[in-house]
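Beneath this line is the structure, given in structure tokens, with notes to follow.
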Amino acid sequence: MSEHMHSPAIAGMQPDRLSATESQPISPVAGVDVWYRDVSRAPADIRVLSYDELERAQRFREARDRLSFEAGRSWIRGVLSRYLDMAPEKITFQKGPFGKPYLDARQSVFFNWSHTDGIWVLAVSHHGPVGVDVELISRRTDRHAVAAVALHKTEQRYISEQPDPDWSFLNIWVRREALFKAVGFGLHDTMQQISIIDPSAPDLSSVTGPDGRLWSLCDVKLGEEVQCALAYEAPSPIVQSTRKH
């Protein structure tokens, strides 16, 4: 399904495939656009995928995972093509030192994506780097074991003091992931030394990142089944809209 939602209210439902109007270029945004789609039943247009993407798709053992990857990546290309005003198959992704995808600097479009169990999320901005992460709430995780090896002790203590530690753990997790993805850092041994708990921002709305810059963090409401968080450089306009396809 396709839905355009100006946060927090839903504006309406639209067809799966982009209509002629929906395929028109999108003007530069003042804040951050967040797009999301459940691709579990969405068709994939593999014609727009690169050779590397097609090759990677074939490495998935399960057909379900392969189809999700193909549908998700072709959808990502379709959305970005509207911001870039170019054919989706013409988009060339480059990678940073830790694998974060980005576009040619001349195109001045910043983006990041995340996916879980067929749900894909894409954040787009013309203002600066962004990071987004989404996780399925129902996914069983031994939060104690994960927290012990991945979270800062301040974060572990914060989670243990909350009314719903399981919810708080996942909320901290997606915010951390969004921050690291915005900064462009990959997994490394020092991640546990970094905390997103800032005494000056008890609502977890901002944090000084591992790069020394100030970043804003916020939840993105996508429904009851997932938790999603966004990171963007502060000061910056708030999330402009959330769009579901």
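Computed from heavy atoms alone, side chains included, the values below leave out hydrogens, waters and symmetry copies.
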Checklist entry - Is there a path from Tyr36 to Val220 through hydrophobic residues (I, L, V, M, F, W, Y) whose side chains come within less than 4.5 Å of each other? => result yes
Item to check | Atom CD of Glu224 with >12 non-hydrogen neighbours under 6.0 angstrom | outcome: no
Checklist outcome for this item: Closest non-hydrogen atoms of Gln192 and Leu151, given as atom of the first, atom of the second and distance, are CG-O, 3.1 Å
Checklist entry - Which heavy atom in Lys181 sits nearest to a heavy atom in Asn112, and how many Å separate them? => result CE-OD1, 3.0 Å
Next on the checklist: On a heavy-atom basis, which atom in Pro129 and which in Phe110 lie closest, and how many Å separate them?
Outcome noted: N-CD2, 3.6 Å
Checklist entry - Hey, what do you get for CH2 (Trp35) to CG (Leu222), rounding to the nearest 0.5 Å? => result 13.5 Å
Checklist entry - Closest heavy-atom contact between Trp173 and Ala150? => result CZ3-CB, 3.7 Å
Next on the checklist: So Val124 and Ile26, do their side chains get closer than 4.5 Å, heavy atoms only?
Outcome noted: no
Checklist outcome for this item: Minimal heavy-atom distance between Val32 and Ala123, with the atoms involved, is CG1-CB, 4.2 Å
Checklist entry - Do Leu179 and Tyr158 share a hydrophobic cluster (ILVMFWY, side-chain heavy atoms under 4.5 Å, transitive)? => result yes
Item to check | Test log, rule side-chain contact (heavy atoms from CB on, under 4.5 Å), inputs Asn171 and Leu204 | outcome: CA-CA 10 Å; Asn171 187 250; Leu204 309 182; 4.2 Å; yes
Checklist entry - Between the side chain of Ser168 and the main-chain N/O of Pro165, is any donor-acceptor distance below 3.5 Å? => result no
Next on the checklist: Test your reading of the model: is there a side-chain donor-acceptor pair from Arg37 to the backbone of Ala42, 3.5 Å cut-off?
Outcome noted: no
Next on the checklist: Quick check on the 6.0 Å ring-centre criterion: do Phe93 and Trp113 meet it?
Outcome noted: yes
Next on the checklist: Using only atom types and a distance under 3.5 Å, with no angle test, would you say the side chain of Glu225 pairs donor to acceptor with the backbone of Ser138?
Outcome noted: no
Item to check | Salt bridge Arg64-Asp117, side-chain N to carboxylate O under 4.0 Å | outcome: yes
Next on the checklist: Hydrophobic clusters here meaning ILVMFWY residues chained together by side-chain heavy-atom distances under 4.5 Å, can you tell me if Val48 and Leu84 are in one?
Outcome noted: no
Next on the checklist: Side chains of Ser50 and Asp52 only: does a donor on one sit below 3.5 Å from an acceptor on the other?
Outcome noted: no
Next on the checklist: Under the criterion side-chain contact (heavy atoms from CB on, under 4.5 Å), I'd like the reasoning laid out for Phe111 against Ile76: C-alpha separation, chi angles, the key distance, then a yes or no.
Outcome noted: CA-CA 10 Å; Phe111 68 94; Ile76 291 287; 5.5 Å; no
Checklist entry - Any donor and acceptor pair, going by atom type alone, linking the side chain of Lys100 with main-chain N or O of Ala182 inside 3.5 Å? => result yes
Checklist outcome for this item: In this structure, CZ of Phe185 is separated from CD1 of Ile194 (nearest 0.5 Å) by 6.5 Å
Checklist entry - Can you get from Leu217 to Phe169 by hopping between Ile, Leu, Val, Met, Phe, Trp and Tyr side chains that sit under 4.5 Å apart? => result yes
Checklist entry - CD/Glu135 to NE2/His115 distance, rounded to the nearest 0.5 angstrom? => result 10.0 Å
Checklist entry - Can Arg175 and Asp133 be counted as an ion pair, charged N to O under 4.0 angstrom? => result no
Checklist entry - Transitively linked via ILVMFWY side-chain contacts under 4.5 Å: Leu49 with Leu103? => result no
Checklist entry - side-chain contact (heavy atoms from CB on, under 4.5 Å) between Trp120 and Arg73: does it pass, once the steps are laid out? => result CA-CA 9 Å; Trp120 285 65; Arg73 282 298 186 93; 4.3 Å; yes
Checklist entry - Do Ile172 and Arg176 have side-chain heavy atoms sitting under 4.5 Å apart? => result yes
Checklist entry - Between Ser125 and His127, does any side-chain donor sit less than 3.5 Å from a side-chain acceptor? => result no
Checklist entry - Given side chains that start at C-beta, do those of Gln162 and Trp167 come closer than 4.5 Å, heavy atoms only? => result no
Checklist outcome for this item: Heavy-atom closest pair (Thr116 atom, Leu136 atom, distance to 0.1 Å) is OG1-N, 3.6 Å
Checklist entry - Is the side chain of Ser114 donor-acceptor paired with the backbone N or O of Val121 at a distance under 3.5 Å, no angle test? => result no
Checklist entry - Is Arg77 reaching over with its side chain to a backbone N or O of Ile91, donor-acceptor style, under 3.5 angstrom? => result yes
Checklist entry - Measuring from Ile196:CD1 to Thr154:OG1, what's the distance to the nearest 0.5 Å? => result 11.0 Å
Checklist outcome for this item: To the nearest 0.5 Å, atom CH2 of Trp215 lies from atom OG of Ser205 at 15.0 Å
Next on the checklist: Show, in sequence, the C-alpha distance, side-chain angles and deciding distance for Val130 and Val34, and conclude whether the side-chain contact (heavy atoms from CB on, under 4.5 Å) test is met.
Outcome noted: CA-CA 10 Å; Val130 292; Val34 178; over 6 Å; no
Checklist entry - Are there more than 12 heavy atoms of other residues, nucleotides or ligands under 6.0 Å from atom CD1 of Ile46? => result no
Checklist entry - So do the side chains of Ile159 and Gln156 get within less than 4.5 Å of each other, counting heavy atoms only? => result no
Checklist entry - Does atom CZ of Arg61 have more than 12 heavy-atom neighbours from other groups under 6.0 Å away? => result no
Checklist entry - Any side-chain heavy atom of Val226 within less than 4.5 Å of one from Val174? => result no
